[in-house]
Amino acid sequence: MNRTAGLEYRTFHRWRKPAEVGFWILLALLNTVFNSMVAQIDNARIAAWEPWVWEWTSSLVILALVPAVLAVERRWPFRVDTWRRSLPWHLLATVPFSLLHVTGMVALRALAYRLVGQRYEWEPGYGYEYLKDIRTYFILIALICLSRLWLVRWQGEARLLSAPDEGPPVEPVERPERFLVRKLGREFLVNAREIEWLQAAGNYVNLHVRGRDYPLRTTMAAIEERLDPARFVRVHRSYFVNLDYLAEIEPLDTGDARLKLRDGASVPCSRRYRAQLRERFGDTPATTA
């Protein structure tokens with residue numbers, strides 16, 4: 001069962017970008033059609049096409065702004081432990097979000113009306129639209145947070161083993177030999193030596209194990225203190241690699257390097273950290289057979 005779930009997640013991960021784009025487009029399509037029908041009923045005395053133009057121009061601009069909202073949420077994650085720090089930034093972000101939405105929406109409506117030989121008159125004003133846009137912005141943030149929660153539960157989230165309430169720990173807590181992974185309500189252990197590489201991802205560090213990434217809520221500086229320096233080497237400000245899985249070092253003209261691992265994956269190695277690998281393996285490209 002775990003193997004099947006893993007294959008399903010890897011399949012999804014391969015198509016994650018187009019799936020996410022498709023999700024936002026489908027959501028915008030359904031929401032716009034529904035709102036257009038309601039607006040047409042509420043404005044039965046005007047031309048039937050006008051409510052559809054109003055809703056579609058609004059939705060198209062909001063859809064174009066979704067990547068910006070995603071970027072803001074990545075920069076200031078809206079999570080249980082970070083929302084107090086992030087909320088002021090998100091409230092600030094609603095201002096340009098609303099300005100861009102209203103400006104783009106009105107421009108598209110004016111163009112649509114001009115094509116049919118009419119003039120568009122915009123009446124509500126920015127204050128009215130801003131109140132609506134605050135709601136829209138935080139609905140987008142809520143959808144982003146829910147989708148991330150669902151992915152974490154499906155993918156599995158790693159945790160450090162904590163010291164027991166009574167008695168000595170069965171293994172060193174300061175330098176763990178295993179990580180606890182919680183996935184879909186089930187828990188299992190991952191050996192630290194099986195981690196092929198680690199990658200920073202916002203407030204998380206992804207542990208890459210046999211084709212899967214398990215996010216661990218920590219920082220690169222904090223996890224570095226808990227990794228075995230004989231096995232793990234920092235090769236980039238965002239990457240650690242397990243030397244047991246390192247297959248080849250490919251020098252680049254820039255002074256950096258590209259590391260190839262046994263599973264065929266590539267990890268960047270910056271010039272700053274390449275010296276550490278040179279001390280261990282010399283300056284030859286191939287490190288292992």
Side-chain angles (χ1 to χ4, degrees), residues 2-19 74 151-152 154-158 160 171-172 174-181 183 188-289:
N2 288 339
R3 183 179 180 182
T4 301
L7 290 173
E8 290 175 354
Y9 179 82
R10 286 199 295 272
T11 301
F12 167 79
H13 189 71
R14 193 179 304 119
W15 296 95
R16 179 173 178 176
K17 287 296 183 182
R74 281 195 298 269
L151 283 175
V152 166
W154 188 18
Q155 175 184 359
E157 183 177 7
L160 291 166
E171 60 184 60
E174 296 78 10
R175 185 159 293 167
E177 299 173 1
R178 295 177 296 175
F179 292 84
L180 178 68
V181 172
K183 175 183 174 183
F188 59 94
L189 296 174
V190 170
N191 289 325
R193 63 176 179 271
E194 295 178 353
I195 300 172
E196 298 160 30
W197 79 84
L198 301 89
Q199 179 185 9
N203 291 339
Y204 287 81
V205 173
N206 287 329
L207 313 180
H208 189 85
V209 182
R210 297 188 296 275
R212 295 181 59 87
D213 288 318
Y214 300 112
L216 175 69
R217 189 173 298 182
T218 187
T219 63
M220 294 294 277
I223 195 63
E224 184 173 13
E225 299 177 356
R226 294 175 174 251
L227 295 176
D228 183 0
R231 174 173 283 121
F232 292 94
V233 173
R234 191 165 190 170
V235 296
H236 189 274
R237 62 186 180 89
S238 300
Y239 288 89
F240 281 93
V241 296
N242 186 338
L243 297 177
D244 294 340
Y245 293 92
L246 180 60
E248 183 179 343
I249 303 174
E250 179 185 353
L252 302 177
D253 295 338
T254 59
D256 299 333
R258 182 183 298 113
L259 308 182
K260 294 185 178 180
L261 304 184
R262 292 183 181 179
D263 65 352
S266 295
V267 172
C269 178
S270 63
R271 185 185 313 175
R272 174 185 175 185
Y273 295 103
R274 184 182 165 191
Q276 299 181 24
L277 294 178
R278 185 182 295 121
E279 292 177 0
R280 296 198 181 200
F281 304 109
D283 202 24
T284 59
T287 62
T288 60

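Nothing here was measured: the structure is a model prediction, and the numbers come from that model.
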Step-by-step side-chain contact (heavy atoms from CB on, under 4.5 Å) determination, I195 to F179: CA-CA 10 Å; I195 300 172; F179 292 84; 3.5 Å; yes
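Here the side chains of M220 and F240 are in contact, with some heavy-atom distance below 4.5 Å. Counting heavy atoms from C-beta outward, Y245 and W197 have side chains that stay 4.5 Å or more apart. No side-chain heavy atom of Y273 sits under 4.5 Å from any side-chain heavy atom of V233. Between L216 and L198, the closest side-chain pair of non-hydrogen atoms is not below 4.5 Å. Within the 4.5 Å cutoff, the side chain of H208 has no heavy atoms near those of the V267 side chain. The side-chain heavy atoms of R210 and E194, taken from C-beta on, include a pair separated by under 4.5 Å.
Closest approach of C269 to L259, counting heavy atoms only: CB-CG, 3.8 Å. Shown here for F232 and A192, the closest heavy-atom pair between the two residues is CZ-O, 3.3 Å. Among all heavy-atom pairs drawn from A230 and L243, the shortest one is O-CD1, 4.1 Å. Of all the heavy atoms in S266 and K260, the pair that sits closest is OG-CG, 4.2 Å. In terms of heavy atoms, R234 sits closest to R237 at NH2-O, 2.7 Å. Minimum interatomic distance between R274 and G255 (heavy atoms only, all atoms of both residues): NH1-O, 3.2 Å.
For residues 195-205, no pair satisfies salt bridge (charged side-chain N to carboxylate O under 4.0 Å, His left out), with sequence neighbours left out.
For the atom pair Q199 CD and L207 CG, the distance stands at 11.0 Å (nearest 0.5 Å).
Looking at residues two or more places apart in sequence or on another chain, you find a salt bridge (Lys or Arg N to Asp or Glu O under 4.0 Å) between R258 and E250. By the salt bridge (Lys or Arg N to Asp or Glu O under 4.0 Å) test, D244 is found to be paired with R231, residues two or more places apart in sequence or in another chain being considered.
At distances below 3.5 Å, not a single donor-acceptor pair connects side-chain atoms of N191 with backbone N or O atoms of R193. Without hydrogens or angle criteria, D256 side chain to R271 main chain gives a donor-acceptor distance under 3.5 Å.
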